[in-house]
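Reviewing the structure listed below.
Residue numbers count from 1 along this sequence.
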Amino acid sequence: SLGFHWPAPSSRSAMEEEDHLLSRQQQAVLDSTKIKVNMENERYLRGHPELKSMLSVFVHEVLEHKPTNVLRFAGEFFTRDDLYALVKTRNEELQSLER
């Protein structure tokens, strides 16, 4: 076994399932909210280009070092005292490789 188990079949009746569906109005509000949040997130990311650089360097470091505990590696990476300098230097190196 690969450790994956299919979910058990639902014992809910069709009527109970319908009670958990969203009304058209609720779905419209949810869709509108999702669009609004995505737009706000996009504006934030565009206003903070350093995030793209930082995440790019982080992913490059993960792929270079291939840590067994990625969560610990991330914690150590993002709390480094020299994070600003590391991101600036590594980002410049990565950009020069792309040219």
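- Here L71 contributes atom CG and E76 contributes atom CD; the two are 10.0 Å apart, rounded to the nearest 0.5 Å.
- For T79 (side chain) and G75 (main-chain N/O), a donor-acceptor pair under 3.5 Å exists by modelled atom type.
- With hydrogens and angles disregarded, a donor-acceptor distance shorter than 3.5 Å links the side chain of K66 to the backbone of L63.
- With Q26 contributing its side chain and S23 its backbone, the two residues share a donor-acceptor pair below 3.5 Å.
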Only pairs under 3.5 Å count here: list side-chain donor-acceptor contacts from residues 82-90, not counting sequence neighbours, and write none if there are none.
from, atom 1, to, atom 2, distance (Å)
D82, OD1, R80, NE, 2.8
D82, OD1, R80, NH2, 3.2
D82, OD2, R80, NH2, 3.0
K88, NZ, E92, OE2, 3.0
T89, OG1, A85, O, 2.9
R90, NE, E61, OE2, 2.9
R90, NH1, E93, OE1, 3.0
R90, NH2, H60, ND1, 2.9
R90, NH2, E61, OE2, 3.1
R90, NH2, E64, OE1, 2.9

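- For the residue pair N38/E42, the side-chain donor-acceptor check at 3.5 Å is not satisfied.
- A single hydrophobic cluster is seen to contain both V62 and F78, as judged by linkage of ILVMFWY side chains at heavy-atom distances under 4.5 Å, directly or through other members.
- With a 4.5 Å cut-off on side-chain heavy atoms, L51 and Y44 count as touching.
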>> Is there a side-chain contact (heavy atoms from CB on, under 4.5 Å) between F77 and V57? Walk through the geometry before answering.
In response: CA-CA 10 Å; F77 177 85; V57 170; 4.0 Å; yes
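- The number of heavy atoms from other shown groups lying within 6.0 Å of CG (N41) is above 12.
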